2 protein chains.
Amino acid sequence: MTLKPTESELEILQILWEFGPLTVRQVNDRLNEQRRVGYTTTLKIMQIMTDKELMTRDTENRSHVYSPALQPAEVQSTMLDHVLRTVFKGDRSNLVMQALGNHAASVEEMKEIKALIEKLEEKQDGVL
Amino acid sequence: MTLKPTESELEILQILWEFGPLTVRQVNDRLNEQRRVGYTTTLKIMQIMTDKELMTRDTENRSHVYSPALQPAEVQSTMLDHVLRTVFKGDRSNLVMQALGNHAASVEEMKEIKALIEKLEEKQDGVL
DNA sequence: AATAAATTACGAAATTCTTCGTATTATTAA
DNA sequence: TTAATAATACGAAGAATTTCGTAATTTATT
């Protein structure tokens, strides 16, 4: 099991996932589009993340270039499992119903989800 | 929007949801079935939760009796929305797919979810 | 080469959450 | 009524996270 990133680690991972390998300066600029953060704050978190192996860095040039060490799906899975256990007591269908029920999903989303369910049902039929 | 409980606040809410209004002693006993926690630790968290209005208490008797101030579904919704935003960038169908895809849902769960989707589709058809 | 500019390294302050010790107050039992 | 028991109140220590100031280092400019 991969470890659970903190809130601000997650913010930075999102930026790296979206915009690819970046320097601290570039990440900090992106962060400051959303909220005010000091440069050394961002640097520090990224150094900590490197220690934790949440990212890797290329120190060839003066400005180190950081890359995420985890795929979005890995972190999403870890985080969702955590919520499933701690908030939903492991009741997966309740979680899904909450996710679908509160805000109406778009027609497009609905299609995707139905397709997935059908695929899962085929797999289940195969077993039965 | 209701506020996001901390991890240990969540533990206590789960116990109250399951076993109804309880004293600190009763909550602490339940907690200690899972892990070792001191009595005053539990007391303190429950006092903080009362200040935050995550729970209410009846101080009539010497042993105060605490009740949750939020329904499970309210907290689940808050927490899930938070994960949706911070981990999934608001992509609801991706969240649902992660939830369904990683571990095969049981036949029973599948039925529930399909029924919900059909109900939501009817609502959508009505609008179109 | 000397100065300025930009970056990393380091450490510590600030914040939030968790944990618990001690004091106080209330109840029960002897 | 006094002593023992059990509860709450209070505050502070500990731990994890976030924030940033300052020093050291590297690169670019004059």
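Residue numbers start from 1 in every chain, and the chains themselves are labelled A, B, ... in the order their sequence lines are given, proteins ahead of strands. Since the structure is predicted, the reported quantities are computational estimates derived from the model, not experimental observations.
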The answer to which of B/Glu7 and A/Ser63 contacts DNA chain C further toward the 5' end, by nearest nucleotide, is A/Ser63

| query | Is A/Thr40 touching bases, backbone alone, or none of the nucleic acid, heavy atoms closer than 4.0 Å? | reply | base

* Report whether A/Ile48 and A/Tyr66 are members of the same hydrophobic cluster (ILVMFWY, side-chain heavy atoms less than 4.5 Å apart, transitive linking). => no

Taking D/dA9, C/dC20, D/dT18 as options, the one with an atom nearest any side-chain atom of B/Arg36 is C/dC20

Is the shortest side-chain N/O distance from A/Arg25 to OP1 or OP2 of C/dT7 below 4.0 Å? yes

Between CG of B/Leu3 and P of C/dT16 the distance, given in whole Å, is 13 Å

Out of D/dG21, D/dT17, D/dT19, minimum distance to the side chain of A/Thr41 belongs to D/dT19

Checking C/dT18, D/dT19, C/dA9 against the side chain of B/Ser8 (C-beta onward), the nearest is C/dT18

To the nearest angstrom, the CD1-P distance between A/Ile48 and D/dT17 comes to 9 Å

Looking at B/Gln47, I'd like to know whether one of its side-chain N or O atoms comes within less than 4.0 Å of OP1 or OP2 on D/dA9. yes

In A/Glu74, A/Gln71, A/Glu53, A/Met79, the residue satisfying side chain to side chain contact (heavy atoms under 4.5 Å, CB included) with A/Thr2 is A/Glu74

Regarding the side chain of B/Leu43, the nearest nucleotide among D/dT19, C/dT8, D/dA9 is D/dA9

Describe the nucleic acid contact of B/Glu9 in one word from base, sugar-phosphate, nothing, applying a heavy-atom distance below 4.0 Å. nothing

Pair of N/O donor and acceptor under 3.5 Å linking C/dG21 base with B/Lys44 side chain
no

### Message
I want to check one thing: is the phosphate of C/dT8, taken as OP1 and OP2, less than 4.0 Å away from some side-chain N or O of A/Tyr39?
### Response
yes

note: B/Ile45, atom CD1; D/dA9, atom C1'; distance rounded to Å ~ 16 Å

On DNA chain D, more 5' by nearest nucleotide between B/Arg57 and A/Gly38 is B/Arg57

Hey, is the side chain of A/Arg62 pairing donor to acceptor with the base of C/dA6 inside 3.5 Å?
yes

Of the candidates C/dC17, C/dA9, C/dC20, the side chain of B/Thr6 sits closest to C/dC17

Side-chain contact check for A/Val37: nearest option of D/dT19, D/dG21, C/dT19 is D/dT19

note: A/Asp51, atom CG; C/dG11, atom C1'; distance rounded to Å ~ 14 Å

dist B/Phe19:CZ -> B/Arg30:CZ (nearest 0.5 Å) comes out at 3.5 Å

Given the options B/Leu31, B/Asn28, B/Val27, B/Tyr39 meets side chain to side chain contact (heavy atoms under 4.5 Å, CB included) only with B/Asn28

The answer to which of B/Lys4 and A/His64 contacts DNA chain C further toward the 5' end, by nearest nucleotide, is A/His64

B/Asp29 CG to D/dA6 P, in whole Å, measures 12 Å

### Query
Quick check: does any side chain N or O of B/Asn32 sit under 3.5 Å from a backbone N or O of B/Val37, one acting as donor and the other as acceptor?
yes

Atom CG of A/Asn32 and atom P of D/dT18 are separated, to the nearest Å, by 16 Å

Value for CG (B/Leu54) from CD1 (B/Ile45), rounded to nearest 0.5 Å, stands at 11.0 Å

Atom CD of B/Glu11 and atom P of C/dC17 are separated, to the nearest Å, by 15 Å

Here the distance between atom P of C/dT8 and atom CD of A/Glu60, to the nearest Å, is 14 Å

